[in-house]
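All chains are named by letter (A, B, ...) in the order of the sequence lines, taking the proteins before the strands, and each is independently numbered beginning at 1.
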2 protein chains.
Amino acid sequence: MTGKQNTLYVASLAKGLRLLRAFDQSATDLSLAELSQRTGLEKSATQRLANTLHLEGMLDKDPKTRRFRPSHAWLQLAYVYFWSDPLVGLAMPTLIDLSQRFGVTVNLAEISGDHILYVSRIPGKSSQFASTIVGRRLPALNAAAGRAIVSTWPAEKTDDAINNWAIEQFTPSTTQDRGTIRAALDQARTQGYAITQDQMIMDQTGIAAPVKGHDGTAFSAVQCSFPSRLWPMERILQDALPYILESAQAIVPHTRASF
Amino acid sequence: MTGKQNTLYVASLAKGLRLLRAFDQSATDLSLAELSQRTGLEKSATQRLANTLHLEGMLDKDPKTRRFRPSHAWLQLAYVYFWSDPLVGLAMPTLIDLSQRFGVTVNLAEISGDHILYVSRIPGKSSQFASTIVGRRLPALNAAAGRAIVSTWPAEKTDDAINNWAIEQFTPSTTQDRGTIRAALDQARTQGYAITQDQMIMDQTGIAAPVKGHDGTAFSAVQCSFPSRLWPMERILQDALPYILESAQAIVPHTRASF
DNA sequence: TCCACAATATTAATATATAATACGAGAGCA
DNA sequence: TGCTCTCGTATTATATATTAATATTGTGGA
């Protein structure tokens, strides 16, 4: 290590966490060699760290194939997170009501840097698996929930987000034009909710209402996904929107500045 | 350290994980002093480890109170876990169907040592918050799901579980008698499902069917919770049980020996 | 305003982690 | 069946990261 040592930073711990982050949606079981390659860690380091994570219960190791994968401990952490986030408990009954009323996926999303992350997800009758699991993180500017949240911020911060934050391509219809996104946010600011069509999944309409703090700014939102074939825009606006707005307003957050 | 050093174990990483485990359902935001006390780690170690976990995004730190709490990263780990566990995706449509059909909480539980852990939970109309969040871990012998699973094992392993595994008191009605538990498991083995009443929550009937592998043994189960007032036992057995059994049979697991 | 406790910062000593490397296991191919 | 290559496991000398004692600063409560 060059220069003065940072005595408040434990590099071994950081490397261990880096190993955990080597796993993702499409890499759910990994060998030592793969772990080493994906993390850039030296082979012996990978061995020591993986072994320690296994002994500590964070990774399961298949005795035959010797491959590692996430253990139940990863869900235990989520369990504690749920208790630590008062908004999740507060919102749950409302989200369940909404989902049962319309038979669709209902989410609670929170801002997470320049992304949003789903902290609670109630599945509808025909929800795809990927739409039912918490922890998914999406660029805020692409998602209805992210747009609903950012549209409640002071103009300067909204502008900064529009100009600088990440955007990705999810469907052939996902807009990459920041002008189009700006117009969508202006509209969201005006009408108090955000709508996206075909931006995340084709034939899905997303509609989100911000969960505002006392000062009118939001860091979370209630979001619903409607299959476009069963729910034309008119029907969503007339039948569902009033309930979504009411639901978001019913969730009174304790201020949690995650921004 | 006395004796030969274990060069395959990274104690600093283990300490960092220990710090994460200091958080639980009722201790969701902690100061440095509390973290030090709860983990038994020395004050400076706690400071270094907490600071590193914060820098690495695992803990949020309130700038005013300087208290730490779980970050969104904990849910991101859960997200990856869901993709790593094929049973979760496989079971999801079935669990959603069951929940919508009867309007009750439906869970997928997996064995985890001498406990069961809920890996998927679909809420019913009136589900309590605690019954809607994944990652909860319960003694297998107390829970319907645990009993359904253990009852599919060879008699010797079932006996060992009955004689040695942890049991806890959840309600005034929770049995502590291992004879009563043995009788319940014998009945579960015979009839192919397990029922508990008032064991976890008062006025709640739990019914679980094991998700069997090709050899007939199970390491997971589908479990439903019925409010006893709305669902007398007769009604559960006649109206719901056939669907629960059918659902569990429909979930064909890839063998995953978590045992 | 004062005090007690908590948080933060510093540093010399040493225990730990590193990384190079040897050896064993297993899969794939000829 | 034998050989080769890659991966996994195990070992060890040594560099350095971590430790823990302690000083300093900050903050909340009386």
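Within 6.0 Å of atom CD in B/Glu34, more than 12 heavy atoms from other residues, nucleotides or ligands are found, so the atom counts as buried in its surroundings.
Axis angle between the ends of the helix from C/dT1-D/dA30 to C/dA30-D/dT1, five pairs each and rounded to 10 degrees, works out to 60°.
The nearest whole Å value for the distance from the CG atom in B/Leu49 to the C1' atom in D/dT19 is 11 Å. Atom P of nucleotide C/dT16 and atom OH of B/Tyr9 are separated by 12 Å, given to the nearest angstrom. The interatomic distance linking A/Asp62 (CG) with D/dC7 (C1') rounds to 16 Å, in whole Å. Per the geometry, NZ belonging to A/Lys64 stands 18 Å off P belonging to D/dG8, to the nearest Å. Across the protein-nucleic acid pair, B/Leu13 atom CG and C/dA15 atom P stand 21 Å apart, rounded to whole Å. Rounded to a whole Å, the CZ atom of B/Arg48 is 19 Å from the P atom of D/dT16. Rounding to whole angstrom units, NZ of residue A/Lys15 and P of D/dT16 are separated by 12 Å. Per the geometry, CD belonging to B/Glu42 stands 10 Å off C1' belonging to D/dT22, to the nearest Å.
To the nearest 0.5 angstrom, A/Ile201 atom CD1 is 9.5 Å from A/Thr171 atom OG1. With rounding to the nearest 0.5 angstrom, the CZ atom of B/Arg147 is 10.0 Å from the CD1 atom of B/Ile162.
With A/Asn142 contributing its side chain and A/Glu168 its backbone, the two residues share a donor-acceptor pair below 3.5 Å.
A/Ile122 places a side-chain heavy atom less than 4.5 Å from the side chain of B/Pro123. A/Leu20 places a side-chain heavy atom less than 4.5 Å from the side chain of A/Trp74.
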Hey, what are the protein-to-nucleotides 5-9 of chain C N/O distances that come in under 3.5 Å?
from  : atom 1 : to      : atom 2 : distance (Å)
C/dA7 : OP1    : B/Leu32 : N      : 3.2
C/dA7 : OP2    : B/Ala33 : N      : 2.7
C/dA7 : O3'    : B/Arg66 : NH1    : 2.7
C/dT8 : OP1    : B/Lys61 : NZ     : 2.9
C/dT8 : O4     : B/Lys43 : NZ     : 3.4
C/dA9 : N7     : B/Gln47 : OE1    : 3.4
C/dA9 : N7     : B/Gln47 : NE2    : 3.4

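Ring planes of B/His54 and B/Phe68: perpendicular class, angle over 60° (limits at 30 and 60°).
Residue A/Ser12 places at least one side-chain N or O under 4.0 Å from the OP1 or OP2 atom of D/dT18.
Looking at B/Tyr9 and A/Glu56, their side chains do bring a donor and an acceptor atom within 3.5 Å of each other.
Taking B/Ala22 as the reference, B/Leu30, B/Leu35, B/Arg38, B/Thr39 meet the side-chain contact (heavy atoms from CB on, under 4.5 Å) condition, with sequence neighbours excluded.
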